[in-house]
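What you see below is based on every heavy atom in this structure, not just the backbone, and it leaves out hydrogens, waters and symmetry mates. The shown structure was predicted, so the numbers you read here are calculated from the model rather than taken from an experiment.
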Amino acid sequence: MELSQMYKKKKNRWSISKIELLIDLWAEHYRELKSCRRNDHVFVKMKHKLEKSGCKVTVEDIRIRINNLSAKYRKESMLTLSGGSPSRWPLFNKIHNILSNDAGGLDETVETQEESMEETPESKTKVYQLKCNYRHENIDNFFTDLYL
């Protein structure tokens, strides 16, 4: 057996119940995670709570899973906003509740599942205008911050 195969880490499989528990912990510790750059201590707290529930994970597993869930949420959110059908992802609403509090102006453009079901030309125009306004504000803020 080769040396690389001996030390290869097994892939951690996350069950739906483990993911839902992680999302609950993420919501509970969200402000702490965002309030500091060196947030390993928060991930360690989350790891201990997951271990008490019988989940064997590392801090890196938690960090990667949260990043993957965030990326999946952003992708689903953009598909919903671009006029597609509402997200069928069962975790969308839970993650929306966490991330929409910190969207910094984007929460106006993210529609709930019920609102996105009723598509009219006016609603598409409104969403497009909100997205454009958000982009222009960020560009203005970028240049203002750059030259101050």
Side-chain angles (χ1 to χ4, degrees), residues 1-119 123-124 126-128 130-142 144-146:
M1 183 179 273
E2 290 183 28
L3 189 62
S4 63
Q5 291 175 342
M6 288 175 44
Y7 293 105
K8 192 171 183 179
K9 184 182 174 202
K10 285 186 178 180
K11 195 171 190 176
N12 190 3
R13 301 281 183 208
W14 289 76
S15 66
I16 295 295
S17 60
K18 280 169 61 172
I19 292 174
E20 287 178 345
L21 178 60
L22 175 64
I23 291 171
D24 292 341
L25 288 172
W26 182 17
E28 182 181 324
H29 295 284
Y30 184 74
R31 293 285 175 215
E32 276 183 281
L33 288 168
K34 289 295 180 183
S35 66
C36 57
R37 276 187 180 220
R38 297 179 185 260
N39 53 13
D40 281 343
H41 65 283
V42 181
F43 283 109
V44 169
K45 283 184 203 176
M46 293 171 70
K47 175 185 178 261
H48 290 307
K49 288 182 180 180
L50 283 167
E51 285 176 344
K52 285 180 184 177
S53 300
C55 304
K56 292 184 180 181
V57 294
T58 64
V59 168
E60 193 62 25
D61 291 336
I62 296 170
R63 190 183 308 266
I64 289 169
R65 180 56 60 173
I66 287 176
N67 286 338
N68 290 345
L69 289 169
S70 298
K72 171 90 170 152
Y73 167 79
R74 285 191 305 275
K75 182 179 176 184
E76 291 286 324
S77 178
M78 291 310 292
L79 288 174
T80 301
L81 287 175
S82 66
S85 61
S87 176
R88 293 184 182 181
W89 186 36
L91 302 174
F92 182 84
N93 288 330
K94 278 186 150 191
I95 296 174
H96 174 72
N97 290 337
I98 297 170
L99 296 180
S100 66
N101 294 332
D102 191 47
L106 257 182
D107 56 345
E108 299 170 17
T109 63
V110 177
E111 299 172 294
T112 62
Q113 294 288 318
E114 294 79 26
E115 290 172 342
S116 64
M117 287 178 159
E118 300 174 19
E119 289 186 25
S123 67
K124 286 184 180 181
K126 181 180 177 184
V127 169
Y128 177 75
L130 287 171
K131 287 165 82 174
C132 289
N133 290 341
Y134 176 75
R135 287 186 185 125
H136 289 298
E137 289 172 12
N138 278 345
I139 291 170
D140 292 343
N141 290 341
F142 171 77
T144 304
D145 293 343
L146 185 65

- Message: Using the side chain to side chain donor-acceptor pair (under 3.5 Å) criterion, which residues pair with S15? Sequence neighbours excluded.
- Response: S17

- Item | Distance, nearest 0.5 Å, that separates CG of L50 from CZ of R65 | 12.0 Å

Hey, can you pull the donor-acceptor pairs under 3.5 Å for the side chains in residues 20-27, sequence neighbours left out?
none

- Angle class for the W89/F92 ring planes (parallel below 30°, perpendicular above 60°, tilted otherwise)? perpendicular

- Could you note down all residue pairs passing salt bridge (charged side-chain N to carboxylate O under 4.0 Å, His left out) where residues 70-86 supplies at least one of them, sequence neighbours left out? K72-E76

- Please list, chain by chain and in numerical order, all residues satisfying salt bridge (Lys or Arg N to Asp or Glu O under 4.0 Å) with E28, sequence neighbours excluded. K49

- Message: Among residues at least two apart in sequence or on other chains, which ones pass salt bridge (Lys or Arg N to Asp or Glu O under 4.0 Å) with K18?
- Response: none

- Query: Nearest 0.5 Å, what's the CE-CG distance between M78 and L81?
  - Reply: 5.5 Å

- Message: My understanding is that only residues two or more places apart in sequence, or in another chain, count here; which of them pass side chain to side chain contact (heavy atoms under 4.5 Å, CB included) with N39?
- Response: L33, C36, V42, F43, R63

- Any donor-acceptor pair under 3.5 Å linking the side chain of S77 with the backbone of Y73? no

- For the residue pair C55 and W14, establish whether any side-chain heavy-atom pair is separated by less than 4.5 Å. no

- Query: Are any of the side-chain heavy atoms of I66 and M46 separated by less than 4.5 Å?
  - Reply: yes

- Item | Beyond-backbone contact of T58 with D61, side-chain heavy atoms, under 4.5 angstrom | yes

- Interatomic distance, E51 atom CD to K47 atom NZ [nearest 0.5 angstrom]: 4.0 Å

